[in-house]
Amino acid sequence: MTAMYVLEARNITKSFGKLEVLKGVDLSVSRGDVIAIIGPSGSGKSTFLRSLINLEKVSGGSIVIEGEHAVTDGVYHKTPAAKEAFKKLGMVFQNFNLFPHMSVLDNIAAAPILVKKTPRAEAEAQAQELLKQVGLLDKAESYPYELSGGQQQRVAIARALALKPDILLFDEPTSALDPELTGEVLRVIKNLAEENMTLLIVTHEMSFARDVAKEIVFMDGGVIIERGTPEKIFGCQCNERVATFLKNVTEY
């Protein structure tokens with residue numbers, strides 16, 4: 001594995017009992033890449049993301065993060081450097097996962113204070129900057145229940161950014177939102193892409209994937225079937241399985 005990639009996953013497998021969800025997934029990510037992962041439900045997309053960020057333990061395969069070997073042939077390295085490597089990845093979930101008893105500002109400031117021992121004043125100042133970035137500075141003292149779903153997800157993005165990840169992973173970030181709220185979240189992600197942040201996005205929003213991603217990965221049956229530019233994938237200059245999937249997506 002080469003140092004030119006910020007993230008490399010090789011031959012990743014994952015089983016839940018007898019159910020084999022990932023069957024040998026290879027993916028390399030360069031700095032500044034914006035990669036959209038698409039495919040049918042149950043294809044292993046979310047499990048793959050969760051495995052990359054160590055929320056699921058892989059059954060086999062290797063993960064290298066910015067040159068640091070975190071997992072080799074299914075064995076997790078116990079060194080401090082290997083454990084720190086996973087912290088270079090941040091994640092935004094489908095269902096926001098905000099702390100309901102904490103204000104918006106505290107939701108964002110909590111992780112830097114607890115994980116990185118950032119002084120409270122500094123963490124809160126950073127949280128305010130991030131809220132400004134996602135267009136919610138006026139909601140700093142609000143609580144999650146007072147926000148729309150779209151606003152909650154934008155707070156969740158700000159919270160993920162608070163730990164200053166080198167790579168940000170999104171697991172279906174708009175799937176829990178009404179269609180009218182989806183656009184505001186996608187605009188924030190698009191802005192991050194334009195700022196050259198490295199993004200890995202599992203999404204069912206095909207038009208967003210086509211417009212924002214530099215590369216599309218199509219997964220099915222626990223493996224990557226096709227990978228290429230949006231022009232290649234959405235032009236259906238690829239295999240029949242991908243073409244059939246895209247044809248069945250109603251917005252096309």
Side-chain angles (χ1 to χ4, degrees), residues 6-7 29 34-37 46 49-56 65-66 83-178 181-203 205 208 212:
V6 293
L7 174 65
V29 182
V34 179
I35 299 175
I37 303 176
S46 294
L49 279 200
R50 292 175 64 85
S51 297
L52 290 178
I53 202 166
N54 202 22
L55 291 175
E56 298 285 357
I65 303 168
E66 294 199 338
K83 293 177 181 178
E84 284 296 313
F86 283 114
K87 295 179 182 179
K88 295 179 179 179
L89 282 65
M91 190 156 177
V92 177
F93 300 90
Q94 297 180 29
N95 295 312
F96 326 137
N97 292 355
L98 299 177
F99 298 115
H101 63 288
M102 296 170 63
S103 71
V104 164
L105 187 75
D106 287 341
N107 260 281
I108 298 169
I113 292 171
L114 296 173
V115 177
K116 293 195 170 183
K117 311 304 180 187
T118 304
R120 177 172 291 276
E122 181 181 336
E124 289 182 350
Q126 178 192 347
Q128 289 180 328
E129 284 299 314
L130 289 168
L131 282 171
K132 184 177 180 181
Q133 184 176 339
V134 299
L136 289 173
L137 184 57
D138 60 326
K139 300 295 184 181
E141 301 304 321
S142 299
Y143 285 81
Y145 74 88
E146 299 177 291
L147 306 181
S148 70
Q151 289 171 330
Q152 289 186 59
Q153 190 62 295
R154 284 149 65 193
V155 172
I157 294 171
R159 184 182 59 184
L161 291 172
L163 287 174
K164 301 179 180 178
D166 292 342
I167 307 167
L168 194 53
L169 313 180
F170 292 87
D171 184 14
E172 297 276 16
T174 61
S175 66
L177 301 179
D178 294 333
L181 301 177
T182 294
E184 64 188 65
V185 173
L186 296 182
R187 279 192 294 275
V188 171
I189 301 173
K190 186 174 183 179
N191 289 340
L192 293 174
E194 291 171 350
E195 292 168 7
N196 208 38
M197 188 163 189
T198 307
L199 307 176
L200 201 54
I201 310 162
V202 168
T203 183
E205 298 287 343
F208 172 74
V212 175

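In what follows, every heavy atom counts, from backbone to side chain, and hydrogens, waters and symmetry copies are set aside. What you are looking at is a predicted structure, and each value in this text was computed from that prediction instead of being measured.
Annotation: side chain of Thr198 is not in contact with side chain of Leu7 (no heavy-atom distance under 4.5 Å). For the pair Gln133/Glu195, a side-chain contact is recorded, criterion being any heavy-atom separation below 4.5 Å from C-beta on. Residues Asp106 and Glu124 form a side-chain contact, since some pair of their non-hydrogen atoms from C-beta on lies under 4.5 Å apart. Residues Leu181 and Gln153 are not in side-chain contact: their nearest non-hydrogen atoms beyond the backbone lie 4.5 Å or more apart.
Of the listed residues (Val34, Ile37, Ile35), just one forms a side chain to side chain contact (heavy atoms under 4.5 Å, CB included) with Ile201, and that residue is Val34.
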- [ ] List the steps and the verdict of salt bridge (Lys or Arg N to Asp or Glu O under 4.0 Å) for Arg187 and Glu184.
- [x] CA-CA 5 Å; Arg187 279 192 294 275; Glu184 64 188 65; 5.5 Å; no
Open item on the list: Is there a side chain to side chain contact (heavy atoms under 4.5 Å, CB included) between Val134 and Val155? Walk through the geometry before answering.
Closed with: CA-CA 8 Å; Val134 299; Val155 172; 5.9 Å; no
- [ ] Mind running side chain to side chain contact (heavy atoms under 4.5 Å, CB included) on Ile189 and Phe208 for me, showing each step along the way?
- [x] CA-CA 10 Å; Ile189 301 173; Phe208 172 74; 3.6 Å; yes
Open item on the list: Would Lys116 and Glu122 count as a side chain to side chain contact (heavy atoms under 4.5 Å, CB included) here? Give the steps.
Closed with: CA-CA 12 Å; Lys116 293 195 170 183; Glu122 181 181 336; over 6 Å; no
TODO: Check the pair Leu136, Val104 against side chain to side chain contact (heavy atoms under 4.5 Å, CB included), reporting the backbone distance first and the verdict last.
DONE: CA-CA 9 Å; Leu136 289 173; Val104 164; 5.9 Å; no
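The nearest pair of heavy atoms linking Val185 to Gly150 is CG2-O, 3.6 Å. For the pair Ala127 and Leu105, the tightest heavy-atom approach, listed with the atom from each and the gap, is CB-CD1, 3.6 Å. Met102 approaches Asn107 most closely through the heavy-atom pair O-ND2, 3.1 Å.
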Quiz: residues 157-174 side-chain donor-acceptor pairs under 3.5 angstrom, not counting sequence neighbours:
residue, atom, partner, partner atom, Å
Arg159, NH1, Asn97, O, 2.7
Arg159, NH2, Phe96, O, 2.9
Arg159, NH2, Asn97, O, 3.2
Asp171, OD1, Ser46, OG, 2.6
Asp171, OD2, Ser46, OG, 3.3
Glu172, OE1, His204, N, 3.2
Glu172, OE1, His204, ND1, 2.6

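A salt bridge does not link Lys132 with Glu129: none of the charged nitrogens is closer than 4.0 Å to a carboxylate oxygen.
The OG atom of Ser142 sits 11.0 Å away from atom CD of Gln152, with the distance rounded to the nearest 0.5 Å.
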